[in-house]
Structures are given as C-alpha cells and as structure tokens.
There are 2 protein chains.
Amino acid sequence: MTTSFYNLLEGVMRLYKLLPDGRRQIVGFALPGDFLGMTSSSRHNFSADAIGPVVVCRFSRAPFARFIDDKPHLLRRINELAVRELGQAQDHMVLLGRRSAEEKVATFLVGWRDRLAALGGKTTTVPLPMSRQDIADYLGLTIETVSRTFTKLDRDGVIEILPGGISLLDPARAEALAAA
Amino acid sequence: MTTSFYNLLEGVMRLYKLLPDGRRQIVGFALPGDFLGMTSSSRHNFSADAIGPVVVCRFSRAPFARFIDDKPHLLRRINELAVRELGQAQDHMVLLGRRSAEEKVATFLVGWRDRLAALGGKTTTVPLPMSRQDIADYLGLTIETVSRTFTKLDRDGVIEILPGGISLLDPARAEALAAA
DNA sequence: CGAATCGTTGAAAGCAGTCAACTAGGGTGG
DNA sequence: CCACCCTAGTTGACTGCTTTCAACGATTCG
C-alpha cells in the first residue's frame with residue numbers, strides 16, 4: 001500500500017474501514033481543505049473514496065516526508081492537525097458508544113452544518129451529498145433507522161427533508177439534541 | 001485548563017469523556033510507556049484518572065513545547081505517536097459502531113492481553129484492573145451486558161473468570177470473535 | 001456484625017435491526 | 001415518447017439484542 005498524502009481541494013470524500021464480513025464504519029467525511037493520508041500509512045484496511053467529483057492535491061509519501069524534515073514549522077502544523085483529528089475521533093467515539101439514534105442524527109446534521117458554514121455557506125439549508133447508507137455507516141445505525149429518524153425530525157418540525165439535503169427549521173432544538 | 005503532558009511510568013489510567021447528563025465514554029486505557037495530554041489540550045471535557053496507584057512523569061506544557069521546538073527529531077516521534085493513536089481511535093470507532101456485545105468483549109480481552117504481552121507479561125492469564133463499569137463505558141455497553149457476556153464466554157469455554165481478571169482458555173476462538 | 005460496593009442473574013421493556021413491500025426519480029432503449 | 005428498469009429512499013410489521021429495573025450474592029471495610 002504505497003499510499004500518499006492528499007489535500008482535498010474540492011468535493012467531498014468518505015473515509016472508512018471495513019470488517020472482513022463487509023460491515024463498514026465511516027470514520028469521517030473530508031471537505032475541501034482537509035488533509036488525508038496520515039492514518040492510512042499505518043497497517044489496516046483503511047479506505048477513502050470520493051462522493052461526487054473531487055479535486056485533490058497529491059503528495060508522494062517519501063518526497064513529502066523529506067520535504068517536511070527541512071521544515072520543522074510545517075511539521076508542527078501537521079502535528080496540530082493530527083491532534084485535532086484525534087479530538088474529533090474521541091468525540092465521535094462518545095457519539096457511537098453513548099448516544100441514541102435521534103441524538104446521533106441531530107449531532108451529525110448540526111456538525112455537518114457547522115463544517116459547511118466554516119467554509120462559507122448558508123446555515124439554514126444543509127446539502128447532504130452522501131447517501132443515507134453513508135450516514136448510517138457513519139453513525140453506527142442502519143439505513144432504515146436513519147430514514148425513520150429523519151422522518152421523525154421532519155414531523156417534529158426540527159428539520160425539513162429536501163431533495164439532496166435538509167433545512168434546519170429549528171436549529172435550537174437540533175442543537176439541544178446534539179448537546180455535548 | 002492548564003493541563004500538562006504526562007508519561008505514564010507505572011499503573012493504569014482511564015481516559016474518558018462525559019456527556020452533560022453523566023453518560024461516560026472511555027476512549028482508552030493507558031499503560032506504562034503511554035504518553036498522555038496531547039488531546040486534552042484542545043477544548044472539551046476530557047478527563048483522565050488513575051486505576052490504582054500510578055507513577056507519572058509530568059511535563060509543563062509551555063516549557064515542553066519550547067523544548068520540542070529545538071528537536072525536530074523529537075517532534076517527529078510525537079507525531080508518529082499521534083498518528084498511531086488516531087489509528088487506534090479509528091479501530092475503536094469500528095468496534096463501537098459495528099460490533100455486537102460478544103465481539104466487543106472478545107476484542108477488548110484480546111487487545112488488552114496483547115498490550116500487556118507487549119510489556120512483557122504472560123499471555124494466558126489476563127489481569128483486569130478496571131471495573132466492569134469501566135469496561136462497559138469503554139465498549140459502549142451496560143455493566144449488565146458486560147457481565148452477561150463474560151459469563152457466556154466462560155460457559156462456552158472461551159475464558160475463565162478469575163478474581164481480578166480472566167484466563168484465555170481458547171485464544172483462537174476469542175481471536176475469531178475479535179477478527180478484524 | 002452491618003453497611004457499602006461490586007458483580008451476577010432474572011424478568012420485562014424498548015430501541016434499533018431485520019425482512020419485505022412500496023414509492024419516487026433517473027437513465028436507457030425500444 | 002414512453003415503457004422499463006435500476007437505484008435510493010421510505011414505510012410497515014415483526015424480531016431480537018441490549019437495556020432497564022430489580023433482586024441476590026460476594027467481598028471489603030469500618
């Protein structure tokens with residue numbers, strides 16, 4: 001596995017791991033600006049693929065490592081990035097281990113909105129380029145449970161289901177469900 | 001939170017996060033040689049405490065950061081550590097999101113045995129210094145489910161429950177359940 | 001010897017999973 | 001143009017794994 005480092009410039013990617021029997025856990029979604037490839041270096045079946053068209057900036061591993069050696073400043077930056085990702089991973093463990101389906105979905109929607117907002121988008125309408133199966137595999141649920149929970153949040157007036165996304169009708173209530 | 005870095009020299013610690021309502025997720029156990037404090041720097045309620053007596057080597061954050069700046073070599077080491085932890089975190093996400101209670105417990109026992117073995121211990125008898133509640137909060141289960149699963153594995157001849165630990169009677173079967 | 005804590009076990013409930021049918025778009029080819 | 005199919009998503013009925021509630025046993029400690 002001669003993987004490389006990537007900088008995602010445009011599009012959305014899913015990062016996941018597979019069990020031998022096919023069960024999948026998506027460990028994260030990547031958005032433009034995200035840095036990929038740190039973790040795939042270590043052993044284990046780690047995969048990433050695009051959701052829709054993407055533009056990436058690819059760095060061969062070895063040359064990149066050499067390049068970094070000369071720039072301790074850059075290494076620090078990489079390190080901060082790894083630590084941030086580690087923190088996000090820990091947050092996600094809390095979600096997977098200790099939250100209900102409704103909390104999971106609400107947390108996902110609010111978090112996804114915030115990430116898109118940070119890239120400079122509107123905050124009420126939230127596009128969801130990934131499939132329900134992707135969301136299910138990210139939240140440790142089944143596709144049916146995700147669908148039912150979306151419907152419930154819609155009926156409750158928290159969100160409105162739109163083609164290709166949702167609208168956060170009641171952000172406060174959604175954030176309450178996501179309360180960390 | 002002026003936390004510091006720590007190097008655990010002796011003993012066992014639990015690292016966890018709490019939800020506002022008290023739900024707890026243990027994100028990892030630390031053993032001698034483990035490096036703590038990278039993630040607690042970032043915001044969020046992150047806690048760590050000792051399971052039994054511990055000996056740690058403490059580094060104040062600021063001086064340590066300055067010290068590192070002069071040693072790019074050391075920074076690389078730290079970075080590798082962070083990446084390794086990130087990989088473990090991803091493995092644990094798979095466990096929390098996609099595995100059954102029995103698989104979770106078996107995976108935990110095999111993994112814990114391997115970590116102890118790496119520190120130079122026997123491999124058949126596995127001491128478990130943490131409580132059932134700790135194990136439950138690590139695996140995203142309840143204490144009752146953990147207890148029942150232990151009992152089941154015992155009845156099935158996979159393990160033998162001992163005071164303060166277990167014996168891996170059938171490592172092959174346990175590893176099959178933990179199959180990653 | 002209680003009192004307290006930890007762990008185990010049982011019975012019942014509930015949340016999410018499974019199985020299956022149905023709907024809605026979207027693309028293709030006749 | 002429309003019939004057809006294929007995929008994604010929704011919904012329903014039911015199952016079942018894990019949780020919840022509760023009692024009991026074991027060990028420790030004051």
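Every chain is numbered from 1, with letters handed out A, B, ... down the list of sequences.
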Could you check how far [atom1] of [X] sits from [atom2] of [N], rounded to whole Å?
| X | N | atom1 | atom2 | value |
| --- | --- | --- | --- | --- |
| B:Ile51 | C:dC6 | CD1 | P | 13 Å |
| B:Arg155 | C:dT8 | CZ | P | 12 Å |
| B:Glu160 | C:dT8 | CD | P | 13 Å |
| B:Ile143 | C:dT9 | CD1 | C1' | 12 Å |
| B:Lys152 | C:dT8 | NZ | P | 16 Å |

Nucleotides 16-19 of chain C: which of its N/O atoms have a protein N/O under 3.5 Å away?
residue : atom : partner  : partner atom : Å
C:dA16  : OP1  : A:Ala101 : N            : 2.7
C:dG17  : OP2  : A:Thr142 : N            : 3.2
C:dG17  : OP2  : A:Thr142 : OG1          : 3.1
C:dG17  : OP2  : A:Thr145 : OG1          : 2.5
C:dT18  : O4   : A:Arg148 : NH2          : 2.8
C:dC19  : N4   : A:Glu144 : OE2          : 3.1

Other than B:Val94, which residues form its hydrophobic cluster under the rule that side-chain heavy atoms must be closer than 4.5 Å?
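B:Val94 shares its hydrophobic cluster with A:Leu19.
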Could you work out the complete set of other residues in the hydrophobic cluster of A:Val55, with links drawn between I, L, V, M, F, W and Y side chains under 4.5 Å apart?
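Its cluster mates, by chain and number, are A:Leu9.
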Kindly write out the residues that satisfy side chain to side chain donor-acceptor pair (under 3.5 Å) with B:Gln88, not counting sequence neighbours, or none if the list is empty.
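If we apply the side chain to side chain donor-acceptor pair (under 3.5 Å) test to B:Gln88, skipping adjacent residues, there are no hits.
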Of all residues at least two apart in sequence or in a different chain, which pass the side chain to side chain donor-acceptor pair (under 3.5 Å) check with A:Asp70?
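Once residues adjacent in sequence are excluded, A:Asp70 has no partner under the side chain to side chain donor-acceptor pair (under 3.5 Å) criterion.
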Could you list where the contact with chain A starts and ends along DNA chain D, reading 5' to 3', using a 4.0 Å heavy-atom cut-off?
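Answer, 5' to 3': D:dG9 to D:dA13.
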Where does the angle between the aromatic ring planes of A:Phe5 and A:Phe35 fall among parallel (under 30°), tilted (30 to 60°) and perpendicular (over 60°)?
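Rings of A:Phe5 and A:Phe35: parallel, as their planes differ by under 30°.
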Which residue pairs pass the ring-ring contact (aromatic ring centres under 6.0 Å, His included) test when at least one of the two sits in residues 132-157 of chain B, sequence neighbours left out?
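The answer is B:Phe29-B:Tyr138, B:His92-B:Tyr138, B:Phe108-B:Tyr138.
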Counting any heavy atom closer than 4.0 Å, what does B:Thr151 reach on the DNA or RNA strands: base, sugar-phosphate only, or nothing?
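Answer is sugar-phosphate: B:Thr151 comes under 4.0 Å of backbone atoms only.
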Using the test side-chain contact (heavy atoms from CB on, under 4.5 Å), find all partners of B:Asp170 that sit at least two apart in sequence or belong to another chain.
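So B:Asp170 forms a side-chain contact (heavy atoms from CB on, under 4.5 Å) with B:Ala172, B:Arg173.
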Among all residues two or more places apart in sequence or in another chain, which pass the side-chain contact (heavy atoms from CB on, under 4.5 Å) test with A:Ser131?
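A:Ser131: side-chain contact (heavy atoms from CB on, under 4.5 Å) contacts with A:Gln133, A:Asp134.
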